[in-house]
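The basis for the numbers below is simple: all heavy atoms, side chains too, and nothing from hydrogens, waters or symmetry mates. Numbered from 1 within each chain, the chains take letters A, B, ... in sequence-line order. Given the structure is predicted, the values throughout are model-derived calculations rather than measurements.
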There are 2 protein chains.
Amino acid sequence: MAPHAHPTDPSDMPLGPRQRALLAVLQAADAELSGQELHERLKQASQRHGLATVYRNLRLLQRSGLVRCRKLTNGESVYAPLERDDHHLTCVSCGHSEPLPICPVATGGLGLTKVLLQGFKPLFHTFEIHGLCRSCQQSEPLAHG
Amino acid sequence: MAPHAHPTDPSDMPLGPRQRALLAVLQAADAELSGQELHERLKQASQRHGLATVYRNLRLLQRSGLVRCRKLTNGESVYAPLERDDHHLTCVSCGHSEPLPICPVATGGLGLTKVLLQGFKPLFHTFEIHGLCRSCQQSEPLAHG
DNA sequence: CCGTATGCTGAGAATGGTTCTCGTTTTAGC
DNA sequence: GCTAAAACGAGAACCATTCTCAGCATACGG
Ligand SMILES: [Mn+2]
Ligand SMILES: [Mn+2]
Ligand SMILES: [Zn+2]
Ligand SMILES: [Zn+2]
(Lines give C-alpha, C1' and ligand atoms only; values in the text may rest on other atoms or scores of the structure.)
(Ligands and ions follow the chains in the order given, each with its own letter.)
Protein backbone atom coordinates (compact mmCIF):
# COMPACT_ATOMS: atom_id res chain seq x y z
CA MET A 1 0.00 0.00 0.00
CA ALA A 2 1.10 3.57 -0.63
CA PRO A 3 3.07 4.79 2.35
CA HIS A 4 1.72 8.33 2.71
CA ALA A 5 -1.79 9.79 2.26
CA HIS A 6 -4.04 11.51 4.77
CA PRO A 7 -6.59 9.52 6.72
CA THR A 8 -10.32 10.29 6.76
CA ASP A 9 -10.31 11.54 3.19
CA PRO A 10 -11.81 8.86 1.01
CA SER A 11 -10.55 10.36 -2.23
CA ASP A 12 -7.01 10.09 -0.94
CA MET A 13 -7.56 6.52 0.06
CA PRO A 14 -4.72 4.55 -1.51
CA LEU A 15 -6.14 1.68 -3.50
CA GLY A 16 -4.44 -1.64 -3.91
CA PRO A 17 -3.95 -3.03 -7.41
CA ARG A 18 -6.86 -5.43 -7.02
CA GLN A 19 -9.18 -2.66 -5.94
CA ARG A 20 -8.11 -0.64 -8.97
CA ALA A 21 -8.78 -3.62 -11.22
CA LEU A 22 -12.21 -4.05 -9.70
CA LEU A 23 -13.04 -0.40 -10.17
CA ALA A 24 -11.80 -0.48 -13.75
CA VAL A 25 -14.12 -3.34 -14.65
CA LEU A 26 -17.04 -1.54 -13.03
CA GLN A 27 -16.29 1.65 -14.90
CA ALA A 28 -15.91 -0.19 -18.19
CA ALA A 29 -19.26 -1.93 -17.75
CA ASP A 30 -22.40 -0.41 -19.14
CA ALA A 31 -24.55 -1.58 -16.27
CA GLU A 32 -24.47 -2.59 -12.65
CA LEU A 33 -22.60 -5.85 -12.07
CA SER A 34 -23.07 -8.47 -9.41
CA GLY A 35 -20.22 -9.84 -7.35
CA GLN A 36 -20.26 -13.04 -9.37
CA GLU A 37 -20.27 -11.19 -12.69
CA LEU A 38 -17.32 -9.13 -11.54
CA HIS A 39 -15.49 -12.27 -10.52
CA GLU A 40 -16.18 -13.71 -13.96
CA ARG A 41 -15.02 -10.63 -15.86
CA LEU A 42 -11.83 -10.41 -13.86
CA LYS A 43 -11.04 -14.01 -14.77
CA GLN A 44 -11.41 -13.18 -18.43
CA ALA A 45 -9.29 -10.09 -17.98
CA SER A 46 -6.43 -12.30 -16.78
CA GLN A 47 -6.82 -10.81 -13.34
CA ARG A 48 -7.88 -13.86 -11.45
CA HIS A 49 -9.26 -12.87 -8.05
CA GLY A 50 -10.75 -15.18 -5.50
CA LEU A 51 -14.43 -14.64 -4.92
CA ALA A 52 -13.75 -13.73 -1.30
CA THR A 53 -11.35 -11.04 -2.45
CA VAL A 54 -13.89 -9.62 -4.86
CA TYR A 55 -16.45 -9.25 -2.10
CA ARG A 56 -13.89 -8.04 0.41
CA ASN A 57 -12.67 -5.30 -1.87
CA LEU A 58 -16.16 -4.33 -2.95
CA ARG A 59 -16.90 -3.69 0.71
CA LEU A 60 -13.77 -1.59 1.05
CA LEU A 61 -14.49 0.39 -2.10
CA GLN A 62 -17.96 1.08 -0.79
CA ARG A 63 -16.59 2.40 2.51
CA SER A 64 -14.17 4.53 0.49
CA GLY A 65 -17.01 6.16 -1.37
CA LEU A 66 -15.96 4.85 -4.76
CA VAL A 67 -18.58 2.19 -5.34
CA ARG A 68 -22.27 1.96 -4.61
CA CYS A 69 -24.42 -1.10 -4.07
CA ARG A 70 -28.05 -2.01 -4.46
CA LYS A 71 -29.91 -5.18 -3.57
CA LEU A 72 -32.14 -6.72 -6.21
CA THR A 73 -35.37 -8.40 -5.19
CA ASN A 74 -33.81 -11.80 -5.84
CA GLY A 75 -31.18 -11.16 -3.19
CA GLU A 76 -28.26 -10.38 -5.45
CA SER A 77 -26.27 -7.25 -4.84
CA VAL A 78 -25.22 -5.18 -7.82
CA TYR A 79 -22.43 -2.64 -7.89
CA ALA A 80 -21.56 0.45 -9.88
CA PRO A 81 -19.19 3.40 -9.67
CA LEU A 82 -20.46 5.95 -7.20
CA GLU A 83 -20.94 8.68 -9.76
CA ARG A 84 -23.33 6.64 -11.87
CA ASP A 85 -26.83 7.61 -10.87
CA ASP A 86 -29.65 5.36 -11.91
CA HIS A 87 -32.96 4.20 -10.58
CA HIS A 88 -35.59 1.69 -11.61
CA LEU A 89 -39.18 0.61 -11.85
CA THR A 90 -39.49 -2.97 -10.62
CA CYS A 91 -42.50 -5.22 -10.88
CA VAL A 92 -43.41 -6.93 -7.60
CA SER A 93 -45.07 -9.73 -9.53
CA CYS A 94 -42.65 -10.80 -12.25
CA GLY A 95 -39.52 -9.04 -11.10
CA HIS A 96 -38.99 -7.25 -14.39
CA SER A 97 -37.05 -4.05 -13.96
CA GLU A 98 -36.51 -1.07 -16.21
CA PRO A 99 -34.63 2.21 -15.84
CA LEU A 100 -36.38 5.21 -14.37
CA PRO A 101 -34.83 8.42 -15.67
CA ILE A 102 -35.48 10.43 -12.54
CA CYS A 103 -33.44 11.12 -9.44
CA PRO A 104 -34.95 12.76 -6.37
CA VAL A 105 -31.56 13.93 -5.16
CA ALA A 106 -30.32 15.36 -8.45
CA THR A 107 -33.46 17.44 -8.86
CA GLY A 108 -32.47 19.07 -5.58
CA GLY A 109 -36.01 19.41 -4.30
CA LEU A 110 -35.14 17.52 -1.12
CA GLY A 111 -34.29 19.43 2.01
CA LEU A 112 -31.24 17.34 2.82
CA THR A 113 -29.94 19.78 5.35
CA LYS A 114 -27.01 19.29 7.68
CA VAL A 115 -29.48 19.36 10.51
CA LEU A 116 -31.25 16.33 9.11
CA LEU A 117 -28.04 14.44 8.52
CA GLN A 118 -26.72 15.12 12.03
CA GLY A 119 -23.11 14.31 11.28
CA PHE A 120 -23.88 11.45 8.92
CA LYS A 121 -21.77 11.67 5.77
CA PRO A 122 -23.85 10.64 2.75
CA LEU A 123 -22.07 8.74 0.01
CA PHE A 124 -24.87 7.49 -2.23
CA HIS A 125 -28.57 6.77 -2.28
CA THR A 126 -31.03 4.29 -3.66
CA PHE A 127 -34.44 5.18 -5.03
CA GLU A 128 -36.62 2.50 -6.55
CA ILE A 129 -40.29 2.34 -7.40
CA HIS A 130 -42.07 -0.99 -7.03
CA GLY A 131 -45.40 -1.81 -8.60
CA LEU A 132 -47.04 -3.76 -11.38
CA CYS A 133 -45.71 -3.76 -14.90
CA ARG A 134 -48.16 -3.41 -17.73
CA SER A 135 -48.35 -7.09 -18.56
CA CYS A 136 -48.81 -8.16 -14.95
CA GLN A 137 -51.70 -5.73 -14.62
CA GLN A 138 -53.39 -7.34 -17.61
CA SER A 139 -52.96 -10.91 -16.50
CA GLU A 140 -55.22 -12.42 -13.83
CA PRO A 141 -56.34 -9.70 -11.40
CA LEU A 142 -54.41 -11.57 -8.74
CA ALA A 143 -55.33 -15.17 -8.86
CA HIS A 144 -55.64 -15.73 -5.14
CA GLY A 145 -52.64 -18.00 -5.32
CA MET B 1 -60.83 -1.60 12.14
CA ALA B 2 -64.01 -1.99 10.16
CA PRO B 3 -64.05 -5.36 8.38
CA HIS B 4 -64.80 -3.83 5.01
CA ALA B 5 -65.46 -0.45 3.39
CA HIS B 6 -61.91 -0.05 2.22
CA PRO B 7 -62.12 2.70 -0.35
CA THR B 8 -58.76 2.17 -1.94
CA ASP B 9 -58.31 -0.25 -4.80
CA PRO B 10 -60.25 -0.88 -7.95
CA SER B 11 -59.36 -4.51 -7.55
CA ASP B 12 -61.38 -5.51 -4.49
CA MET B 13 -59.36 -8.57 -3.63
CA PRO B 14 -60.85 -10.54 -0.78
CA LEU B 15 -58.15 -11.58 1.65
CA GLY B 16 -57.95 -14.98 3.23
CA PRO B 17 -57.97 -15.21 7.02
CA ARG B 18 -54.25 -15.82 7.19
CA GLN B 19 -53.49 -12.82 5.05
CA ARG B 20 -55.68 -10.71 7.33
CA ALA B 21 -53.83 -12.04 10.37
CA LEU B 22 -50.51 -11.18 8.76
CA LEU B 23 -51.64 -7.68 7.91
CA ALA B 24 -53.00 -7.16 11.42
CA VAL B 25 -49.65 -8.00 12.99
CA LEU B 26 -47.88 -5.66 10.61
CA GLN B 27 -50.27 -2.84 11.37
CA ALA B 28 -50.00 -3.41 15.10
CA ALA B 29 -46.20 -3.30 14.96
CA ASP B 30 -44.37 -0.05 15.48
CA ALA B 31 -41.65 -0.88 12.98
CA GLU B 32 -40.89 -2.92 9.93
CA LEU B 33 -40.85 -6.66 10.63
CA SER B 34 -38.88 -9.43 8.97
CA GLY B 35 -40.50 -12.62 7.76
CA GLN B 36 -39.07 -14.49 10.70
CA GLU B 37 -40.27 -11.90 13.20
CA LEU B 38 -43.72 -12.10 11.72
CA HIS B 39 -43.66 -15.86 11.97
CA GLU B 40 -42.67 -15.54 15.61
CA ARG B 41 -45.34 -13.02 16.49
CA LEU B 42 -48.03 -15.09 14.84
CA LYS B 43 -47.00 -18.05 16.97
CA GLN B 44 -47.43 -15.99 20.10
CA ALA B 45 -50.78 -14.72 18.84
CA SER B 46 -52.04 -18.30 18.72
CA GLN B 47 -52.16 -18.04 14.95
CA ARG B 48 -49.56 -20.59 14.10
CA HIS B 49 -48.55 -20.26 10.44
CA GLY B 50 -45.88 -22.23 8.70
CA LEU B 51 -42.91 -20.18 7.62
CA ALA B 52 -43.64 -21.01 3.99
CA THR B 53 -47.13 -19.61 4.40
CA VAL B 54 -45.86 -16.43 5.95
CA TYR B 55 -43.57 -15.77 3.00
CA ARG B 56 -46.14 -16.89 0.46
CA ASN B 57 -48.79 -14.53 1.81
CA LEU B 58 -46.35 -11.68 2.18
CA ARG B 59 -45.70 -12.01 -1.53
CA LEU B 60 -49.40 -11.97 -2.28
CA LEU B 61 -50.05 -8.98 -0.04
CA GLN B 62 -47.28 -7.17 -1.82
CA ARG B 63 -48.80 -7.89 -5.22
CA SER B 64 -52.14 -6.69 -3.83
CA GLY B 65 -50.64 -3.37 -2.88
CA LEU B 66 -51.22 -3.79 0.84
CA VAL B 67 -47.69 -4.45 2.02
CA ARG B 68 -44.32 -3.06 1.08
CA CYS B 69 -40.91 -4.62 1.39
CA ARG B 70 -37.35 -3.43 1.72
CA LYS B 71 -34.08 -5.32 1.79
CA LEU B 72 -31.63 -4.59 4.55
CA THR B 73 -27.90 -4.69 3.87
CA ASN B 74 -27.64 -7.97 5.79
CA GLY B 75 -29.98 -9.66 3.32
CA GLU B 76 -33.11 -9.72 5.45
CA SER B 77 -36.32 -8.35 3.99
CA VAL B 78 -38.53 -6.25 6.20
CA TYR B 79 -42.19 -5.56 5.66
CA ALA B 80 -44.66 -2.84 6.60
CA PRO B 81 -48.14 -1.73 5.61
CA LEU B 82 -48.08 0.13 2.34
CA GLU B 83 -49.26 3.42 3.77
CA ARG B 84 -46.40 3.65 6.22
CA ASP B 85 -43.74 5.82 4.63
CA ASP B 86 -40.30 5.78 6.11
CA HIS B 87 -36.73 6.05 4.93
CA HIS B 88 -33.33 5.69 6.50
CA LEU B 89 -29.71 6.68 6.74
CA THR B 90 -27.56 3.55 6.77
CA CYS B 91 -23.85 3.32 7.48
CA VAL B 92 -21.92 1.30 4.91
CA SER B 93 -19.28 0.54 7.48
CA CYS B 94 -21.07 -0.63 10.62
CA GLY B 95 -24.56 -1.15 9.25
CA HIS B 96 -26.19 1.13 11.78
CA SER B 97 -29.43 2.60 10.49
CA GLU B 98 -31.58 5.47 11.65
CA PRO B 99 -34.78 7.04 10.39
CA LEU B 100 -34.63 9.83 7.84
CA PRO B 101 -37.67 12.07 8.11
CA ILE B 102 -37.81 12.95 4.44
CA CYS B 103 -39.65 11.46 1.50
CA PRO B 104 -38.86 12.49 -2.08
CA VAL B 105 -42.26 11.34 -3.28
CA ALA B 106 -44.35 12.97 -0.57
CA THR B 107 -42.70 16.33 -1.19
CA GLY B 108 -44.04 16.06 -4.71
CA GLY B 109 -41.04 17.62 -6.35
CA LEU B 110 -40.56 14.62 -8.62
CA GLY B 111 -41.94 14.68 -12.11
CA LEU B 112 -43.47 11.23 -11.89
CA THR B 113 -45.57 11.68 -14.97
CA LYS B 114 -47.65 9.07 -16.70
CA VAL B 115 -45.28 9.39 -19.61
CA LEU B 116 -42.39 8.29 -17.46
CA LEU B 117 -44.28 5.39 -15.95
CA GLN B 118 -45.42 4.10 -19.35
CA GLY B 119 -48.23 1.92 -18.06
CA PHE B 120 -46.38 0.81 -14.95
CA LYS B 121 -48.61 1.00 -11.87
CA PRO B 122 -46.58 2.22 -8.89
CA LEU B 123 -47.42 0.74 -5.50
CA PHE B 124 -44.59 1.87 -3.24
CA HIS B 125 -41.05 3.14 -3.31
CA THR B 126 -37.82 2.84 -1.40
CA PHE B 127 -35.44 5.70 -0.75
CA GLU B 128 -32.37 5.15 1.38
CA ILE B 129 -29.19 7.12 1.89
CA HIS B 130 -25.98 5.22 2.51
CA GLY B 131 -22.83 6.71 3.93
CA LEU B 132 -20.70 6.90 7.03
CA CYS B 133 -22.18 7.45 10.45
CA ARG B 134 -20.48 9.88 12.77
CA SER B 135 -18.58 7.29 14.74
CA CYS B 136 -17.32 5.43 11.67
CA GLN B 137 -15.98 8.69 10.27
CA GLN B 138 -13.95 9.19 13.42
CA SER B 139 -12.55 5.70 13.70
CA GLU B 140 -9.63 4.33 11.64
CA PRO B 141 -9.63 5.52 8.02
CA LEU B 142 -10.49 2.04 6.87
CA ALA B 143 -10.13 -0.42 9.64
CA HIS B 144 -11.54 -3.79 8.98
CA GLY B 145 -11.76 -6.63 11.55
C1' DC C 1 -74.50 -37.27 0.84
C1' DC C 2 -70.39 -39.05 -2.51
C1' DG C 3 -66.68 -37.90 -6.14
C1' DT C 4 -63.73 -34.96 -8.05
C1' DA C 5 -61.36 -30.71 -8.96
C1' DT C 6 -58.92 -27.06 -7.16
C1' DG C 7 -56.32 -24.52 -4.10
C1' DC C 8 -54.01 -23.64 0.50
C1' DT C 9 -50.93 -25.38 4.06
C1' DG C 10 -46.51 -26.54 6.31
C1' DA C 11 -42.49 -29.68 7.66
C1' DG C 12 -38.49 -30.38 5.90
C1' DA C 13 -35.15 -30.22 2.06
C1' DA C 14 -32.95 -27.45 -1.23
C1' DT C 15 -31.10 -23.13 -2.92
C1' DG C 16 -27.62 -19.76 -3.59
C1' DG C 17 -25.41 -15.37 -2.75
C1' DT C 18 -22.43 -13.88 0.62
C1' DT C 19 -19.34 -14.35 4.49
C1' DC C 20 -16.11 -16.84 7.29
C1' DT C 21 -11.94 -19.79 8.23
C1' DC C 22 -7.45 -20.33 8.23
C1' DG C 23 -3.21 -21.80 6.02
C1' DT C 24 -0.50 -19.64 2.29
C1' DT C 25 1.41 -15.78 -0.15
C1' DT C 26 2.65 -11.10 -0.65
C1' DT C 27 4.13 -6.71 1.10
C1' DA C 28 6.33 -3.35 4.26
C1' DG C 29 10.05 -2.03 7.10
C1' DC C 30 14.40 -2.83 8.70
C1' DG D 1 17.72 -11.42 3.82
C1' DC D 2 14.60 -11.52 7.72
C1' DT D 3 10.29 -10.86 10.35
C1' DA D 4 5.68 -8.92 11.28
C1' DA D 5 1.63 -7.55 9.37
C1' DA D 6 -1.63 -7.47 5.73
C1' DA D 7 -3.89 -9.48 1.74
C1' DC D 8 -5.29 -13.51 -0.50
C1' DG D 9 -8.29 -17.62 -1.89
C1' DA D 10 -10.23 -22.47 -1.74
C1' DG D 11 -13.59 -24.38 0.40
C1' DA D 12 -16.81 -24.67 4.31
C1' DA D 13 -20.31 -22.41 6.67
C1' DC D 14 -24.20 -19.45 6.97
C1' DC D 15 -28.96 -18.38 6.72
C1' DA D 16 -33.03 -16.03 4.81
C1' DT D 17 -35.87 -17.50 1.47
C1' DT D 18 -37.96 -20.72 -1.79
C1' DC D 19 -39.27 -25.24 -3.23
C1' DT D 20 -41.36 -29.89 -2.76
C1' DC D 21 -45.15 -32.57 -2.20
C1' DA D 22 -48.37 -35.09 0.58
C1' DG D 23 -52.27 -33.83 3.36
C1' DC D 24 -56.24 -31.03 4.23
C1' DA D 25 -60.05 -27.78 3.19
C1' DT D 26 -63.59 -26.06 0.25
C1' DA D 27 -66.75 -25.95 -3.80
C1' DC D 28 -70.01 -27.95 -6.54
C1' DG D 29 -72.34 -30.99 -9.67
C1' DG D 30 -74.74 -35.15 -9.55
MN1 LIG E 1 -30.07 9.25 -7.85
MN1 LIG F 1 -41.52 7.77 0.91
ZN1 LIG G 1 -44.65 -7.81 -14.06
ZN1 LIG H 1 -21.02 3.38 11.10
Grab the CZ-C1' distance between Arg20(B) and dC8(C) for me, whole Å please.
15 Å
Between atom CG of Leu22(B) and atom CG of Leu15(B), what is the distance when rounded to the nearest 0.5 Å?
10.0 Å
Within this structure, what is the CG-to-C1' distance between Leu58(A) and dG17(C), rounded to whole angstrom?
13 Å
Quick test of your reading of the model: are Glu83(A) and Arg68(A) salt-bridged, counting only N-O distances below 4.0 Å?
no
Integer-rounded Å distance: dT9(C) C1' and Gln47(B) CD
14 Å
Nearest 0.5 Å, please: how far is OG in Ser77(A) from CD in Gln62(A)?
8.5 Å
Using whole Å, what does the distance between atom C1' of nucleotide dC24(D) and atom NE2 of His49(B) come to?
16 Å
Looking at dG10(C), I'd like to know if its phosphate oxygens (OP1 or OP2) sit under 4.0 Å from a side-chain N or O belonging to Arg48(B).
no
Carboxylate-amine/guanidinium contact Arg84(A) Asp30(A), below 4.0 Å
no
Establish, yes or no, whether a centroid distance under 6.0 Å links the rings of His125(A) and His87(A).
yes
Could you state whether Leu26(B) and Leu42(B) fall into the same hydrophobic cluster, counting links through intermediate Ile, Leu, Val, Met, Phe, Trp or Tyr residues with side-chain heavy atoms under 4.5 angstrom apart?
yes
Quick one: His39(B) NE2 to dG12(C) P, roughly how many Å, whole number?
12 Å
How does each nucleotide of nucleotides 11-22 of chain D score, in 5' to 3' order, for protein heavy atoms under 4.0 Å: base (B), sugar-phosphate only (S), or none (-)?
-----SBBB---
Using whole Å, report how far CD of Glu37(A) lies from C1' of dT18(C).
15 Å
